[in-house]
K.L.:
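First the structure, then my questions, so here it is.
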Amino acid sequence: MNVLLIGSGGREHALAWKIAASPVLAKLYCAPGNPGIASVAECVALDPAKHGEIVAFCKENAIDFVVVGPEAPLVAGIADDLRAAGISVFGPSKAAARLEGSKGFTKDLCARFNIPTGAYQRFTQAEAAKAYIRQQGAPIVVKADGLAAGKGVVVAFKVQEALDAVDACFDGAFGGAGAEVVVEEYLDGEEASFFCLCDGKTALPFGTAQDHKRVGDGDTGANTGGMGAYSPAPVMTQDIIDCTMRELIEPTMRGMAEIGAPFSGVLFAGLMITKDGPKLIEYNTRFGDPETQVLMLRLKDDVLLLLKAAADGALDQMSVRWNDDPALTVVMAARGYPAAPEKGSVIRGVDAAAENEAVEIFHAGTATKNGELVANGGRVLNVTASGKTVQEAQDAAYAAIARIDWPEGFYRHDIGWRAIAREKGDAL
Ligand code: AMP
Ligand code: GLY
């Protein structure tokens, strides 16, 4: 099979690494890719926003299957354009990607199909949103409706913060994504990420993980795209997984089919495990980053066959096996991330740091300049390791980091703390 992978981050490096190990792969291309991906795929300088160029490349290079990594091209309809050209693709249609592209759409779907989530209202006017906030009180959550690169959510512990967030949205802080605002009930509990491969009819559970969204140790500081993750998420017991399938995922699949937008691709549910059971925080319609890095390290089966089965509507014939050993990834970010990451600093020692066979280092935001590896984004490297315990995986990841020579980089020192505390039997 000739495969084109779309994207350029750590998530795509992890997918490329695993796809490259598939016996059914003939040739893997990645657009645009990064220097890490270049070690397992041929990177091609195509812009994923230019669907016509992607389709033309697929035709010229006999591409059998396209795997789309990031959300922006999906929400812009790249899967529809590829399918219209007769090319098989892993990823939802534009209509189905509204599950990520519009928070209001998802909340309305939850209301209509009885899917557990926080109470909410949608607003297109600041005054009405503010009146609702004053009536509900804090804590309360304000979200820009559209895609805002993870920045459009304010969890407000004071009414004034929520009112300010409404103003920021309607004043254009998130461009078109903030033209509508969702105000939502604050959910209390432990967060977890849950993944399902979907083919329009069948949803196949595809692993659990926990992410660390805050930039600083002890879950402090600004929200980020994720500073590290581990899998599995201990809070996702088989009972909670079964309940999530029954009460959230299956009604979502039925609901999407019923409104004429059957969901195929990966459904990534951001969950809050509350005292009343799992509730939906949000859906993403693509793999998590950095969650994918730990999932790929644990996956025993051929990812390419699984993704192709999702695209072909054949998931009812598939199963998934995981390595029981946990995996953990630590994000190394460029100084200044998330506000203003510095680009261009030189990174040395990455290959030597990955010598331990329990360790894989995925590139997220790197480039090569004058033959050296340099930082080229906010999140730069994902140092990923497996172990018999989360503690062992964490030790291996930090030992690898200690071998990387990059003074301009930083990372959190406590990735996995919650799972490690559980391993030690500490009260959380
Ligand atoms: P999102 O971009 O929707 O993933 O939101 C970013 C983060 O805000 C989530 O990972 C949660 O930690 C938090 N969050 C979002 N919605 C809620 C909610 N309704 N209650 C509590 N926390 C929330
Ligand atoms: N790590 C969270 C995300 O991919 O959205």
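First listed ligand is number 1; within each ligand, the first listed atom is number 1. Please read all numbers here as calculations on a predicted model, not as lab measurements.
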K.L.:
Under 3.5 Å between some N or O of ligand 1 and some N or O of Ile281?
P.N.:
no
K.L.:
Using a 4.0 Å cutoff against the non-hydrogen atoms of Gly288, which atoms of ligand 2 qualify?
P.N.:
4 (O)
K.L.:
Please confirm whether Tyr132 and Phe123 have ring centers closer than 6.0 angstrom.
P.N.:
yes
K.L.:
With a cut-off of 4.0 Å, which atoms of ligand 2 are near a heavy atom of Gly225?
P.N.:
1 (N), 2 (C)
K.L.:
What about Tyr186: any of its N or O atoms under 3.5 Å from an N or O on ligand 1?
P.N.:
no
K.L.:
Got a sec: does the CD of Glu342 have more than 12 other heavy atoms crowding it under 6.0 Å?
P.N.:
yes
K.L.:
Which atoms of ligand 2 are found less than 4.0 Å from any heavy atom of Asp211?
P.N.:
1 (N), 2 (C)
K.L.:
Return a yes/no value for Lys143: is any of its N or O atoms, backbone included, closer than 3.5 angstrom to an N or O of ligand 1?
P.N.:
yes
K.L.:
Which ligand 1 atoms does Val141 reach within 4.0 Å, using its non-hydrogen atoms?
P.N.:
16 (N), 17 (C), 18 (C), 19 (N), 20 (N)
K.L.:
Show the atoms of ligand 1 that are less than 4.0 angstrom away from any heavy atom in Val153.
P.N.:
1 (P), 2 (O), 3 (O), 5 (O), 8 (O), 15 (C)
K.L.:
Using a 4.0 Å cutoff against the non-hydrogen atoms of Lys213, which atoms of ligand 1 qualify?
P.N.:
4 (O), 10 (O)
K.L.:
For residues Lys143 and Lys103, report the shortest heavy-atom separation together with the two atoms involved.
P.N.:
CD-CD, 3.6 Å
K.L.:
How about Phe410 and Tyr337: are their ring centroids closer than 6.0 Å?
P.N.:
no
K.L.:
Could you go through Trp322 and Phe206, starting from their C-alpha distance and side-chain angles, then the distance that decides it, and tell me whether this counts as ring pair (Phe, Tyr, Trp, His ring centres under 6.0 Å)?
P.N.:
CA-CA 9 Å; Trp322 300 99; Phe206 197 65; 5.1 Å; yes
K.L.:
Would you say Pro326 and Pro234 make side-chain contact, with heavy atoms under 4.5 Å?
P.N.:
no
K.L.:
Do Met245 and Asp242 have side chains that get closer than 4.5 Å, going by heavy atoms?
P.N.:
no
K.L.:
Glu100 pairs by side chain to side chain contact (heavy atoms under 4.5 Å, CB included) with which of Leu74, Asn284, Leu267?
P.N.:
Asn284
K.L.:
Just heavy atoms, cut-off under 4.0 Å: does Glu100 contact ligand 2 by side chain, backbone, both, or neither?
P.N.:
neither
K.L.:
For Lys130, is the NZ atom crowded, meaning more than 12 foreign heavy atoms sit under 6.0 Å from it?
P.N.:
yes
K.L.:
Please could you name the atoms of ligand 1 that Glu282 approaches to less than 4.0 Å, counting only its heavy atoms?
P.N.:
1 (P), 2 (O), 3 (O), 4 (O)
K.L.:
Can you tell me which residue among Ile240, Thr117, Val235 is in a side chain to side chain contact (heavy atoms under 4.5 Å, CB included) with Pro278?
P.N.:
Ile240
K.L.:
When you compare the side chain of Glu191 with that of Gln210, does any pair of heavy atoms fall below 4.5 Å?
P.N.:
no
K.L.:
Taking non-hydrogen atoms only, is Glu185 closer than 4.0 angstrom to ligand 1 via side chain, backbone, both or neither?
P.N.:
backbone
K.L.:
Would you mind listing which atoms of ligand 1 come within a distance below 4.0 Å of any non-hydrogen atom of Leu187?
P.N.:
18 (C), 19 (N), 20 (N), 21 (C)
K.L.:
Applying a heavy-atom cut-off of 4.0 Å, say which part of Glu291 lies close to ligand 2: side chain, backbone, both or neither.
P.N.:
side chain
K.L.:
For ligand 1, does Val155 get within less than 4.0 Å through its side chain, its backbone, both, or neither, judged by non-hydrogen atoms?
P.N.:
side chain
K.L.:
Pick, from Arg11, Arg286, Glu282, the option with the minimum heavy-atom distance to atom 4 (O) of ligand 2.
P.N.:
Arg286
K.L.:
With atoms numbered from 1 as shown, which atoms in ligand 2 lie under 4.0 angstrom from a non-hydrogen atom of Phe268?
P.N.:
3 (C), 4 (O), 5 (O)
